[in-house]
Amino acid sequence: MRMRALRAGAAALLMTVAVTACAENQSPGESDGDGAATSAVVNFGVGVDPAYSPIYLAEQEKLFEKAGLNVTVTQYQEGTGGLDAILAKQGQVTASTESSLLNRATRGDIKGLAVFSQSPSFIKLVARSGITDVAGIKKYGVVPGTVNEYATNKVLDSQGISRDSVEFVNASPAEMPALLQRGDVDGYIMWEPWPSRGVANGGKVLLTSGDIGYVYNLVIGVDGAWYEANKETAKKVVDTIGQACEQLTADPAKAGTVTETAIKVPAAEAQTLLEGVQCQVRDFTDEDIKRYGEIAQFQEDSKIVNQKADPAAVMIRGVA
């Protein structure tokens, strides 16, 4: 078991070729046979924020190994990195927002297996110093193809503001606080820790995603073809994340500790940022599928994708 930190974009091309070769060449019998069989190799891609704490815990506490799994956790600057790795046949499992998964599912065989985290307050809109309401934001920081882009549109809709009346500045999450401080953007709606970093640079939180009717989901995603050949292994991965969530719910301080080890965010800060976040592995509901359909429709209407994903086909129910 090992954890690697890679830059987004180029990261998928830098992963170990051997991992890919092993995973792609395994048959269902080799990966999901009896207890003596070698477990399928799993490259599990995650982002670098406290919301991924159950995966950090599972890696650090060797929960994957205890479940008989052969898992490597790979960090990316954004949650979409793991999805891009799957598309490049460099990864098998990932964790990302439902919005990012639906986006990438239009480009290849990516499925969702379960929700493992949700919150109405983890994603926040922060504005630069001097701006006191949403109407004052004329330049939005945007990470194309992520939940940030969807949430930005939700903010504009909630205020009756046309997309054509504001400017969008594309950048990575880590760049947003500095852009805000310099005035290159007036605001951005982002997952933690980037809103708090913006506040530290003089910004102010104006609202949370819950205020605009959006409760984000983090979803365990998987390469569809790999899943069909390795259903038992995939189920064990989902169950292991469920065990990690149970530990974090029982002892919230653990989330801070494992996050600090994984991404160097101070433990006390990480624990504070995760307040209001529900860590629980669960199946998709009818309400989820309906909301995901709205997200997919937004992506098509905004020309983020050429043809929207079908959440009912992308999300596999009954695994969790």
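Keep in mind that this is a model prediction, so the values were computed, not measured. Nothing fancy with the numbering, it's 1 onward along the sequence.
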ask   = Hey, what do you get for CG (L125) to CG (L206), rounding to the nearest 0.5 Å?
value = 5.0 Å

task = For E175, check side chain to side chain donor-acceptor pair (under 3.5 Å) against everything at least two apart and list the hits.
result = S172

request  = With the side chain counted from C-beta on, respond yes when V319 and D283 share a heavy-atom pair under 4.5 Å apart, and no when they do not.
outcome  = no

ask   = How long is the gap from OG1 on T240 to CZ on F44, to the nearest 0.5 Å?
value = 9.5 Å

Donor-acceptor contact below 3.5 Å, side chain S117 vs main chain L218 = no

message = Checking D239 now: which residues fulfil salt bridge (Lys or Arg N to Asp or Glu O under 4.0 Å) with it, not counting sequence neighbours?
response = K235

key: Criterion side chain to side chain contact (heavy atoms under 4.5 Å, CB included) on S100 and E78, from CA distance to verdict   = CA-CA 10 Å; S100 296; E78 301 168 21; over 6 Å; no

query = Of all residues at least two apart in sequence or in a different chain, which pass the side chain to side chain donor-acceptor pair (under 3.5 Å) check with D251?
reply = none

query = Are the side chain of Q297 and the backbone N or O of Y292 linked by a donor-acceptor pair below 3.5 Å?
reply = no

note = Looking only at heavy atoms, the pair that brings W226 and A234 closest together is CZ3-CB, 4.0 Å

ask   = N217 side chain to E98 main-chain N or O, any donor-acceptor pair under 3.5 Å?
value = no

remark   = Separation between CG (D109) and CG (L87), nearest 0.5 Å, reads 9.5 Å

ask   = Can you find a heavy atom in the side chain of M190 that is under 4.5 Å from one in the side chain of V143?
value = yes

message = Check whether T208 reaches the backbone of P120 with its side chain - one donor and one acceptor, N or O, closer than 3.5 Å.
response = yes

task = Without swapping roles, check the side chain of Y76 against the backbone of L83 for a donor-acceptor pair under 3.5 Å.
result = no

task = Say whether, by atom type as modelled, one donor and one acceptor occur between the side chain of T233 and the main chain of N230 under 3.5 angstrom.
result = no

key: Within-4.5 Å side-chain heavy-atom neighbours: Y188 and T152   = no

query = Just how far is it from atom CD of Q280 to atom OG1 of T249, taken to the nearest 0.5 Å?
reply = 7.5 Å

inquiry  = I'd like to know if the side chain of S302 and the backbone of I304 have a donor-acceptor N/O pair within less than 3.5 Å.
reply    = no

ask   = Between the main-chain N or O of V258 and the side-chain N or O of Q60, is there a donor-acceptor pair closer than 3.5 Å?
value = yes

request  = Specify the closest pair of heavy atoms between T146 and T80, including all atoms of both residues, with the distance to one decimal.
outcome  = CG2-CG2, 4.0 Å

key: Stepwise side chain to side chain contact (heavy atoms under 4.5 Å, CB included) test for N306 and T106   = CA-CA 8 Å; N306 293 326; T106 66; over 6 Å; no

remark   = Exactly one candidate in K204, K138, R128 meets salt bridge (charged side-chain N to carboxylate O under 4.0 Å, His left out) with D186; the answer is R128

task = Report whether V215 and Y150 are members of the same hydrophobic cluster (ILVMFWY, side-chain heavy atoms less than 4.5 Å apart, transitive linking).
result = no

message = Between K308 and D301, does any NZ, NE, NH1 or NH2 come within less than 4.0 Å of an OD or OE carboxylate oxygen?
response = no

query = Are the side chain of T261 and the backbone of T257 linked by a donor-acceptor contact shorter than 3.5 Å?
reply = yes

request  = Show your reasoning for whether side-chain hydrogen bond (donor to acceptor under 3.5 Å, both in side chains) applies to T74 and N43.
outcome  = CA-CA 7 Å; T74 303; N43 188 9; 2.8 Å; yes

task = Using a 4.5 Å cut-off on heavy atoms from C-beta on, say whether the side chain of V219 contacts that of F284.
result = yes

query = Do the side chains of N70 and V42 get nearer than 4.5 Å, heavy atoms only?
reply = no

Report, one line per pair, each donor and acceptor closer than 3.5 Å where one atom sits in a side chain of residues 266-274; sequence neighbours left out.
residue: E269; atom: OE2; partner: R197; partner atom: NH1; Å: 2.4
residue: T272; atom: OG1; partner: A268; partner atom: O; Å: 3.0

message = Tell me whether K139 is salt-bridged to D184, with the criterion being a basic N under 4.0 Å from an acidic carboxylate O.
response = no

request  = Of all the heavy-atom pairs spanning G79 and Y52, show the shortest one and how long it is.
outcome  = CA-OH, 3.5 Å

task = Tell me, with the steps shown, if V115 and V281 meet side chain to side chain contact (heavy atoms under 4.5 Å, CB included).
result = CA-CA 6 Å; V115 175; V281 169; over 6 Å; no

Minimum heavy-atom distance between C245 and P54, given as atom pair plus value = SG-CB, 3.9 Å

task = In sequence, state the C-alpha distance, the side-chain angles, and the governing distance for I110 and V314, and then conclude on side chain to side chain contact (heavy atoms under 4.5 Å, CB included).
result = CA-CA 7 Å; I110 294 177; V314 172; 5.7 Å; no

message = Quick one: does any side-chain atom of T94 pair with a main-chain N or O of G45 as donor and acceptor, under 3.5 Å?
response = yes

query = How close do A244 and L57 get, heavy atom to heavy atom, and via which atoms?
reply = CB-CD2, 3.9 Å

ask   = Is K124 paired with E192 through a side-chain N to carboxylate O contact shorter than 4.0 Å?
value = yes

Separation between CG of D49 and CZ of F122, rounded to the nearest 0.5 Å = 4.5 Å

key: N-O pairing of R317 and D286 below 4.0 Å   = yes

query = Step by step, would you call K264 with E260 a salt bridge (charged side-chain N to carboxylate O under 4.0 Å, His left out)?
reply = CA-CA 4 Å; K264 311 309 177 187; E260 181 172 38; over 6 Å; no

request  = Only counting residues at least two apart or in another chain, list the ones meeting side chain to side chain donor-acceptor pair (under 3.5 Å) with K254.
outcome  = Q247

inquiry  = Quick check: closest heavy atoms across N201 and P177, and the distance to 0.1 Å?
reply    = ND2-O, 3.2 Å

ask   = Which value, rounded to the nearest 0.5 Å, describes the distance between E294 atom CD and I289 atom CD1?
value = 12.0 Å

note = For R282, the side chain to side chain donor-acceptor pair (under 3.5 Å) test, sequence neighbours excluded, returns Q118, D288

